[in-house]
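Please read the structure below before turning to the comments.
The structure presented is a predicted model; accordingly, all values stated were derived computationally and were not measured.
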2 protein chains.
Amino acid sequence: MPARRRKSNDDSATRTALLDAAEALMLEEGYAAVTSRKIAAKAGLPNAIHYYFDTMDELFIELFRRGADRSLAQQEEALRSPQPLWAFWDLLRDRKNGDLNTEFVALANHRKAIRSEIAESSRTFRRGQLAALARVLEAPRSATAFRSPEAVVLLLSAVSRFLIMENAFDLDTGHEEVVEFVDQCITEIEGERAGTRQH
Amino acid sequence: MPARRRKSNDDSATRTALLDAAEALMLEEGYAAVTSRKIAAKAGLPNAIHYYFDTMDELFIELFRRGADRSLAQQEEALRSPQPLWAFWDLLRDRKNGDLNTEFVALANHRKAIRSEIAESSRTFRRGQLAALARVLEAPRSATAFRSPEAVVLLLSAVSRFLIMENAFDLDTGHEEVVEFVDQCITEIEGERAGTRQH
DNA sequence: GTCTATAGCTGGATAGAC
DNA sequence: GTCTATCCAGCTATAGAC
C-alpha cells in the first residue's frame, strides 16, 4: 500500500493558507482551538478542510513537518556559525519555536500519529546537535566537566524547555540565576559571546 | 459571591471513587479521556458526576489539589531526610508524579482554571525546595559552582521533567550520561549517596 | 438525596451539489 | 475540481424522575 495518498492539490495556495491559519490558531489559542471550522473561519475561506486534507491527523502532521523543516534549517545554520554553542543556546531559547513545540508535545498525548512524528523528528535534530557539538567539545580549551556532548545537549535542551514552560505559567524564580550559570558554562567551553544577543 | 460553593457531599465515598477513577483514566489514557461518562464507567458507578461536581473544571481542580497535597507531603519528607538533595532528586525522577504532572500541564493549555492552580502550587513547592536547599548549599563542602540554590533547584527540576517527557516518546539519547553527571554534582555537594535508590 | 434522561452544542467526516 | 449540506458521535450541563 502507498505510505500516504498524494493529492493533486498538495501545494495549492489554499492549502498553504489553511496551514498558516492552523498554525496561527495553535499559537494564539492552543491546539484545542485547531478545528476544521475554526481554521476555515480564521483563513476567511470556505470550510473545505476535508477536501485538502483527508483527516485532521494529516493536517497536524503536515503542519508539524513544515515547522520542523524550518527549525532544522535554523539549527543547521546556528551550528555552522563561528560559535555553535552560543548560537544553539540562543536558538533553543527562542520563544516562537518553543511555544509551537509545546503545543505539539501536548497534542501528542492524544493523537498517536503525532507522537511518532515528534519522536522521529527529535532524533534527527539530536543527531545534528551531537555531530556539531562533539567537535566543539573536542577543542583543547574545553573543561573536563563537559566532555560528554550527549549530556551537554540534553542539559541545554532541558533547561530551555523548562524556562519556556514556566514562562507560560508566569513563573520565573531562578530563571536569571540559571541563565547566568549556563552562560558561564558556555563561556568556559567556547569563550565569550561575540556579537549581540537576539532576545 | 462565595469563592467556591461547598456541597454537603464533599467527602462522600462516591466522590472519592470518582476522583480515583478520573486519576486512573488520566494516567492510562491521558486527560482527554477524562470525561464525565468515562469516569462513571471506569468507577462502575452511575453517571452522576454533575451531582458531585458542579463542573468538570471543579473536578479537575480537586484532582490536582489532591495530588499536589500528596506530593507536597512527600517533598517535605524528602527534604527533611539526612541527604535532602539526593532524596529530592530521586523524588523528582519518580515516574508516577511526573506523568500526572505532565497531563495537568497539558490540560492547562486549554483549561484556564487549571493554569492558575498549577502556578500557585508550583510556587509553594519551589518555596519549600529553596528553604531546604539553601541550608544544604551553605555547608562548607559545597563547591563554588553551586552557590545559587535557585539555579540548582531549577536545573534538577528541568532535567527530571525533560527525561520523563522524552521517555514518553521512547527517546533516551544522553539520558544515562546526564544522570551520571547530575549524580556526580550531587555527590560533590552532599557526598556519596547513602542507602539504596528507589528506581 | 441520588440518579436518569435529554437538551443543546461542537466536532470530524462524507455524500453529493454545482 | 471545489465547496456545501448534512450525518452521526461524543461531550457538558440541566431538568426533573424517583
Using the side-chain heavy atoms of [X], tell me which of these nucleotides is nearest: [options].
X	options	result
A/Met56	D/dT2, C/dC3, C/dG12	C/dG12
A/Ala48	D/dC3, C/dA13, C/dC3	D/dC3
A/Pro46	C/dC3, D/dT2, D/dT4	D/dT4

*Are any of the side-chain heavy atoms of B/Glu29 and B/Val34 separated by less than 4.5 Å?*
no

* Asked: Does A/Phe60 have A/Arg111 sitting over its ring (NZ/CZ under 6.0 Å from centre, angle to axis within 45°)?
  ->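 The answer is no; the distance or angle limit is not met.
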
- Does A/Arg161 make a cation-pi contact with B/Phe162, if we ask for NZ or CZ under 6.0 Å from the ring centre and within 45° of the axis?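 No.
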
Rounded distance in Å - [atom1] ([X]) to [atom2] ([N]):
X	N	atom1	atom2	value
A/Ile49	D/dT4	CD1	P	12 Å
B/Leu45	C/dT4	CG	P	10 Å
B/Glu58	D/dT14	CD	P	12 Å
A/Phe53	D/dG1	CZ	P	18 Å
B/Leu59	D/dT12	CG	C1'	12 Å
A/Tyr52	C/dA13	OH	P	18 Å
A/Glu29	C/dG11	CD	P	11 Å
B/Asn47	D/dG16	CG	P	19 Å

When you check the gap from the basic side-chain N to the acidic O, do [X] and [Y] get nearer than 4.0 Å?
X	Y	answer
A/Arg193	A/Asp90	yes
A/Arg80	A/Glu77	no
B/Arg126	A/Glu166	yes

- A/His50 vs C/dA13: side-chain N/O to OP1/OP2 distance below 4.0 Å: yes

Do the side-chain N or O atoms of A/Tyr51 get closer than 4.0 angstrom to the phosphate oxygens (OP1, OP2) of D/dC3?
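Looking at the OP1 and OP2 atoms of D/dC3, neither is under 4.0 Å from any side-chain N or O of A/Tyr51.
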
Interface polar pairs with nucleotides 7-10 of chain D, N/O, under 3.5 angstrom:
none

Flag if over 12 foreign heavy atoms under 6.0 Å of CD, A/Glu180 | no

Could you state whether B/Met165 and A/Leu107 fall into the same hydrophobic cluster, counting links through intermediate Ile, Leu, Val, Met, Phe, Trp or Tyr residues with side-chain heavy atoms under 4.5 angstrom apart? yes

Name the nucleic acid region contacted by B/Thr55, choosing base, sugar-phosphate or nothing; use a 4.0 angstrom heavy-atom cut-off, strictly under.
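Sugar-phosphate only.
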
Residues of residues 109-117 of chain B with a heavy atom under 4.0 Å from any atom of DNA chain D, listed by number, are none

Item to complete: For the residue pair A/Trp86 and A/Asp183, confirm or rule out a side-chain donor-acceptor distance under 3.5 Å.
Response: no

